[in-house]
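Notes for the one structure printed next.
Below, read A as the first sequence line, B as the second, and so on, with proteins coming before strands; counting in each chain starts at 1.
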Number of protein chains: 2
Amino acid sequence: MSLISEKTIERLILYRGLLLQANHESESGIYSHQLGRMAGFTPAQVRRDLMQVGYTGSPARGYDIAKLIQSISALVDPAEKREIALAGIGSIGRAILAYFQGRSSLLEITAAFDTDPEKTDRVIHGCRCYPVDRLSEIILARGIRTGILCVPSGAAQSVTDAFVAGGVRGILNYAPTRLIVPPDVYVENRDMIMAVEKVVYFSGPRTGQRKETG
Amino acid sequence: MSLISEKTIERLILYRGLLLQANHESESGIYSHQLGRMAGFTPAQVRRDLMQVGYTGSPARGYDIAKLIQSISALVDPAEKREIALAGIGSIGRAILAYFQGRSSLLEITAAFDTDPEKTDRVIHGCRCYPVDRLSEIILARGIRTGILCVPSGAAQSVTDAFVAGGVRGILNYAPTRLIVPPDVYVENRDMIMAVEKVVYFSGPRTGQRKETG
DNA sequence: TATTTGCTGTGAAAATTTTCACAATGTTAT
DNA sequence: ATAACATTGTGAAAATTTTCACAGCAAATA
Ligand SMILES: NC(=O)c1ccc[n+]([C@@H]2O[C@H](COP(=O)([O-])OP(=O)(O)OC[C@H]3O[C@@H](n4cnc5c(N)ncnc54)[C@H](O)[C@@H]3O)[C@@H](O)[C@H]2O)c1
Ligand SMILES: NC(=O)c1ccc[n+]([C@@H]2O[C@H](COP(=O)([O-])OP(=O)(O)OC[C@H]3O[C@@H](n4cnc5c(N)ncnc54)[C@H](O)[C@@H]3O)[C@@H](O)[C@H]2O)c1
């Protein structure tokens, strides 16, 4: 078997999210076709993915929801709590702070950084804000391994370098810039313009449509 | 050959973005390996993708940047200007409005919707805001085919239904909800929590890392 | 108890995506 | 001129991802 693919990880995280959301007080089990319908995949796809987590269901009762959540979490979650850093406390950065905080028990944005002195040295949505100059220093001291990048594209690469210097190994990038990072640093790009362009393409009166992504 | 795959479309849009960003006043041509390095793909991948747009480069000068941009645009852009609707003028919705407006010559968010009367019947970042009740009516009248969804997850499905009733064929969904839509409506999901979870997984001290996505 | 039912887990097939590898081609250097 | 070179476009191979299809099984039914 070896390594679990990125796509599979993405789907597993989705399954877990759906299972957590779904009010499964009425039912304690779920079948691959039910989960597949919720997620927008085939039952075979779901079973194939779940194979990888090592938890095995029963033909009669399907998958036990609680145990399945637990098994996916065991695979996908970090062993202990993880702190996350955010750079760029502008409109997007703030929206993310507001939205994210308190949403996960294991993950928390515990340090935010900006150049603007108006925004630093205070607490926003429960998150302490510092000047960017101290980014590497602070995340290194705290062992932060994950960063969210919300600075203007002109600053994106230099802040990335500071992230990397501070030991970050994964970056969620909202700037419309391709970041240059060492090969062992993972980057997930989330440019909104490109996403809109893609959706516009597929909303068009063209022949080529598919259904679900993301 | 038939249809261009979703992945290829995504990469083409990325190539165009990179080409537009890059200050190519010094050079008028670009080679597949250069574009590949910028985008994070192999030269072969780039050539294979560019094959599909029908524009052909020269072995000696590579691809003419201006013409390449034009060819990708011809494939990917709508024939005329497209209006886009946005629902949910909260922190994310506003950030997107602020960011998106004026960024594209063909695409513009021209109608925003909210339940909160404080936010409606005014203009925010150049975009007129209306009460959600009028969503279907207004987008139908204007022929809007693309929607951006930024409402709380509890409202996501009902607003989606209004989008669909109003003729929307593509939705960019920022709510952490799986939308139910007719099969000919395209949905791109952009849940931030899932993205963070994925990045955290790949920032972990695990064996399995890859490099670039999004 | 025996039979039917509808599911899981998975080997194998199919489909899709990516990479390889090389002939063709225009440019530059000699 | 001619040779040397670097790159394109692409058929074919390789790799990856998804789907098929079915044995095996536990529960429900008769
Ligand atoms: N992907 C998306 O959905 C999306 C949406 C909107 C904006 N964006 C991108 O996110 C980024 C920020 O957008 P915004 O709308 O929040 O802009 P903004 O101007 O509101 O915020 C940018 C913030 O970054 C700070 N900043 C500037 N230089 C910095 C530096 N070197 N270090 C740290 N902080 C710095 C600024 O002080 C400001 O607070 C931009 O790159 C934009 O392209 C992405
Ligand atoms: N994907 C991301 O990056 C990301 C980040 C933050 C938030 N979100 C999601 O986006 C959504 C909005 O988040 P937010 O932080 O902007 O919240 P918010 O509370 O600031 O904004 C929500 C807005 O939606 C409006 N609204 C409520 N019900 C509505 C309805 N039926 N029709 C139209 N408008 C309605 C509210 O009045 C409010 O203005 C949430 O679903 C959240 O989960 C996504």
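In the model, B:R94 has no side-chain atom that pairs as donor or acceptor with a side-chain atom of A:S91 under 3.5 Å. Residues B:S32 and B:R47 have side chains that bring a donor and an acceptor to within less than 3.5 angstrom of each other. Between the side chains of B:Y15 and B:E10, no donor-acceptor pair is found at a separation under 3.5 Å. Remark: the B:Y174 side chain and the B:D191 side chain contain no N/O donor-acceptor pair separated by less than 3.5 Å.
Going from atom CG of B:L3 over to atom C1' of C:dT17 covers 15 Å, rounded to whole Å. Between the CG atom of B:L35 and the P atom of D:dG9 there is a distance of 12 Å, given to the nearest Å. The CG atom of A:L50 sits 15 Å away from the P atom of C:dC7 (whole-angstrom rounding). Protein atom OH of A:Y31 is 13 Å distant from nucleotide atom P of C:dG9, rounded to whole Å. Distance CD (A:Q52) to C1' (C:dT10): 12 Å, rounded to an integer number of Å. When the P atom of C:dC7 is taken as reference, atom OH of A:Y55 falls 16 Å away, rounded to whole Å.
Both tests hold for A:R11 against A:F41: distance to the six-membered ring centre under 6.0 Å, angle to the ring axis within 45°.
Take the nearest nucleotide of DNA chain D for B:M51 and for B:H33: the residue whose nucleotide is more 5' is B:H33.
Applying the side chain to side chain donor-acceptor pair (under 3.5 Å) test to A:S136 and every residue at least two apart in sequence or in another chain returns nothing.
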Next item on the list: List the protein contact pattern of nucleotides 24-30 of chain D with one symbol per nucleotide (5' to 3'): B for base contact, S for sugar-phosphate-only contact, - for none; contact means a heavy-atom distance under 4.0 Å.
Entry: BB-S---

So which protein N/O to nucleotides 18-23 of chain D N/O distances come out below 3.5 Å?
unit_1, atom_1, unit_2, atom_2, d
D:dT18, OP1, A:R11, NH1, 3.3
D:dT18, OP2, A:R11, NH1, 3.0
D:dT18, OP2, A:R11, NH2, 3.0
D:dT18, O5', A:Q45, OE1, 3.3
D:dT19, OP2, A:T42, OG1, 3.0
D:dT19, O4, A:R48, NE, 3.3
D:dT19, O4, A:R48, NH2, 3.1
D:dA21, N6, A:R47, NH2, 3.2

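Between the side chain of A:N173 and the backbone N or O of A:T177 there is at least one donor-acceptor pair closer than 3.5 Å.
Taking 4.5 Å as the limit, some side-chain heavy atom of A:I109 sits within range of a side-chain heavy atom of A:I96.
Within the 4.0 Å cut-off from OP1 or OP2 of D:dG9, at least one side-chain nitrogen or oxygen of B:Y63 is found.
Under a 4.0 Å N-O distance rule, the pair A:E6/B:K198 qualifies as a salt bridge.
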